[in-house]
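Before any comments, here is the structure.
When a residue number appears, it is its place in the shown sequence, counting from 1.
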Amino acid sequence: MLNLPPIQLIQTDIAFARLKAFGTSLKPGDDSDAKDNWFFQIIFELIDTTLTNYDHLKIGYSSNNDHLLAWACRNLLELTVFAKYVVISEDNARRFAQDRLLDGCDIIRSLKALFLHLNPQSDTALLDDALTRTQAQMASEGVTAERYLSSRVLAGCVGMKEEYDCMNRVCSKLVHPTAWSILAVNKGENAFSQARPFLFTMGAGYLCALFAVVKDHHAVYGIKPKR
């Protein structure tokens, strides 16, 4: 079983602690900057979700759980892509924020379709109301897009398309029930044990990359979008 040098784990934990402290230090704008609080929320949540996924990355590595390790690694990759995208411009940040409503509508519509498939007589009043309210919010925010931006599209926007395609392919083979993840990865003999330190190293690298992105942006623009 291949293991990472203890110093590498210590260094990554230090980066984690610094990112956590940085996120905690961020504050919403004062009254004069209240209009930018939405941007603060994006950055804060990106950092918070990154910290959570690093915890999962460590658990996956230490417990020899390749599935959790790959899941966390892919999540950290996507979070880095998102961070790089939103700091490019205010338009990008607003577009990313709008996708939460598009995602919400997709979830509601899919649940309704599922309920009606399972039981054509299902009462979908609550879902219908939720969809109406979400669509109203979309109208108030001027959302005109019909589909959310895929992570792959955003990766292309920030110059990470090739890396995203490769890492997403690798992680997907372990995250999803595939012939490989079912037959070649088990608690006894792992047919690709080298993946374990590699996935941890890549995931940790994405945490550091996201930290650099948000810290560099903050140094120039504070907790405001680039205009």
Side-chain angles (χ1 to χ4, degrees), residues 37-57 59-60 63 65-83 85-86 91-157 161 164-165 167-187 199 203 206 210:
N37 284 354
W38 62 273
F39 185 76
F40 158 80
Q41 198 65 38
I42 290 176
I43 298 300
F44 182 84
E45 296 299 343
L46 281 170
I47 292 174
D48 189 57
T49 306
T50 297
L51 296 173
T52 298
N53 276 280
Y54 176 70
D55 282 336
H56 294 163
L57 189 80
I59 294 171
S63 64
N65 187 333
D66 284 6
H67 305 292
L68 180 59
L69 184 60
W71 184 274
C73 181
R74 188 176 69 171
N75 286 352
L76 289 164
L77 164 63
E78 292 181 336
L79 288 162
T80 300
V81 168
F82 296 157
Y85 179 78
V86 301
D91 286 345
N92 280 12
R94 290 193 180 279
R95 179 66 180 86
F96 178 76
Q98 290 175 356
D99 270 5
R100 79 193 192 282
L101 298 173
L102 294 167
D103 289 340
C105 286
D106 276 351
I107 292 171
I108 295 167
R109 290 192 184 102
S110 295
L111 285 173
K112 180 178 178 178
L114 176 62
F115 289 173
L116 292 175
H117 169 71
L118 297 174
N119 180 7
Q121 305 305 315
S122 293
D123 181 0
T124 62
L126 290 177
L127 290 172
D128 292 334
D129 178 64
L131 182 60
T132 297
R133 287 186 284 108
T134 304
Q135 290 173 328
Q137 184 66 28
M138 290 175 64
S140 70
E141 294 186 21
V143 180
T144 58
E146 297 182 356
R147 178 176 171 78
Y148 64 87
L149 291 170
S150 73
S151 298
R152 186 171 188 269
V153 169
L154 298 185
C157 293
K161 180 179 176 296
Y164 178 86
D165 285 347
M167 284 304 301
N168 187 56
R169 178 66 61 85
V170 170
C171 291
S172 292
K173 294 297 183 184
L174 292 167
V175 169
H176 301 294
T178 60
W180 175 270
S181 67
I182 294 169
L183 302 176
V185 179
N186 53 64
K187 295 181 179 179
L199 290 171
Y206 293 132
L210 181 141

Exercise for review: Run the numbers on R152 and N168 for side chain to side chain contact (heavy atoms under 4.5 Å, CB included), then give the verdict.
Suggested key: CA-CA 9 Å; R152 186 171 188 269; N168 187 56; over 6 Å; no
Check your understanding: Does the pair R147 and L102 meet the rule for a side chain to side chain contact (heavy atoms under 4.5 Å, CB included), with working shown?
Key -> CA-CA 6 Å; R147 178 176 171 78; L102 294 167; 5.9 Å; no
**Study point:** Test side chain to side chain donor-acceptor pair (under 3.5 Å) applied to E78 and Y164, step by step
**Key:** CA-CA 8 Å; E78 292 181 336; Y164 178 86; 3.2 Å; yes
Practice item. Kindly determine whether D55 and L51 satisfy side chain to side chain contact (heavy atoms under 4.5 Å, CB included), including the steps that lead there. Key: CA-CA 6 Å; D55 282 336; L51 296 173; 5.7 Å; no
Exercise for review: Given side chain to side chain contact (heavy atoms under 4.5 Å, CB included), test H56 with N53 step by step and report yes or no.
Suggested key: CA-CA 5 Å; H56 294 163; N53 276 280; 4.1 Å; yes
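Between the CD atom in Q137 and the SG atom in C105 there is a gap of 10.5 Å [rounded to 0.5 Å]. L68 contributes atom CG, which lies 8.0 Å from atom CG of L57 (distance to the nearest 0.5 angstrom). W71 contributes atom CH2, which lies 12.5 Å from atom CG of L76 (distance to the nearest 0.5 angstrom). To the nearest 0.5 Å, atom OH of residue Y54 and atom SG of residue C73 are 12.5 Å apart. Distance CD/Q41 to CG/L46: 10.5 Å, rounded to 0.5 Å. In this structure, the separation between CG on L210 and CG on L79 is 6.5 Å, given to the nearest 0.5 Å.
Residues A97 and I42 come closest through the heavy atom pair CB-CD1, 3.9 Å. Scanning all heavy atoms of the two residues, the minimum distance from L199 to C171 falls at CD2-SG, 4.0 Å. When all heavy atoms of Y206 and T80 are compared, the closest pair comes out as O-OG1, 3.0 Å. Of all the heavy atoms in R74 and H176, the pair that sits closest is NH1-NE2, 3.8 Å.
Side-chain contact between V81 and K161: absent, with no pair of heavy atoms (C-beta onward) separated by less than 4.5 Å. Side-chain atoms of L149 and D99, non-hydrogen and from C-beta on, do get closer than 4.5 Å to each other. Counting only heavy atoms from C-beta outward, the side chains of T52 and N75 never approach each other to under 4.5 Å.
Of the possible polar contacts, none joining the T178 side chain to the L174 backbone as a donor-acceptor pair under 3.5 Å is found. In this structure a side-chain-to-backbone donor-acceptor pair under 3.5 Å is missing from D103 to Y148. Judged by distance alone, the side chain of T124 and the main-chain N or O of L127 form no donor-acceptor pair under 3.5 Å.
Within a 6.0 Å radius of CG in L114, other residues, nucleotides and ligands contribute more than 12 heavy atoms.
We find that E45 and R100 are not joined by a salt bridge, their nearest charged nitrogen and carboxylate oxygen being 4.0 Å or further apart. Using a cutoff of 4.0 Å between basic side-chain nitrogens and carboxylate oxygens, D91 and R95 are not scored as salt-bridged.
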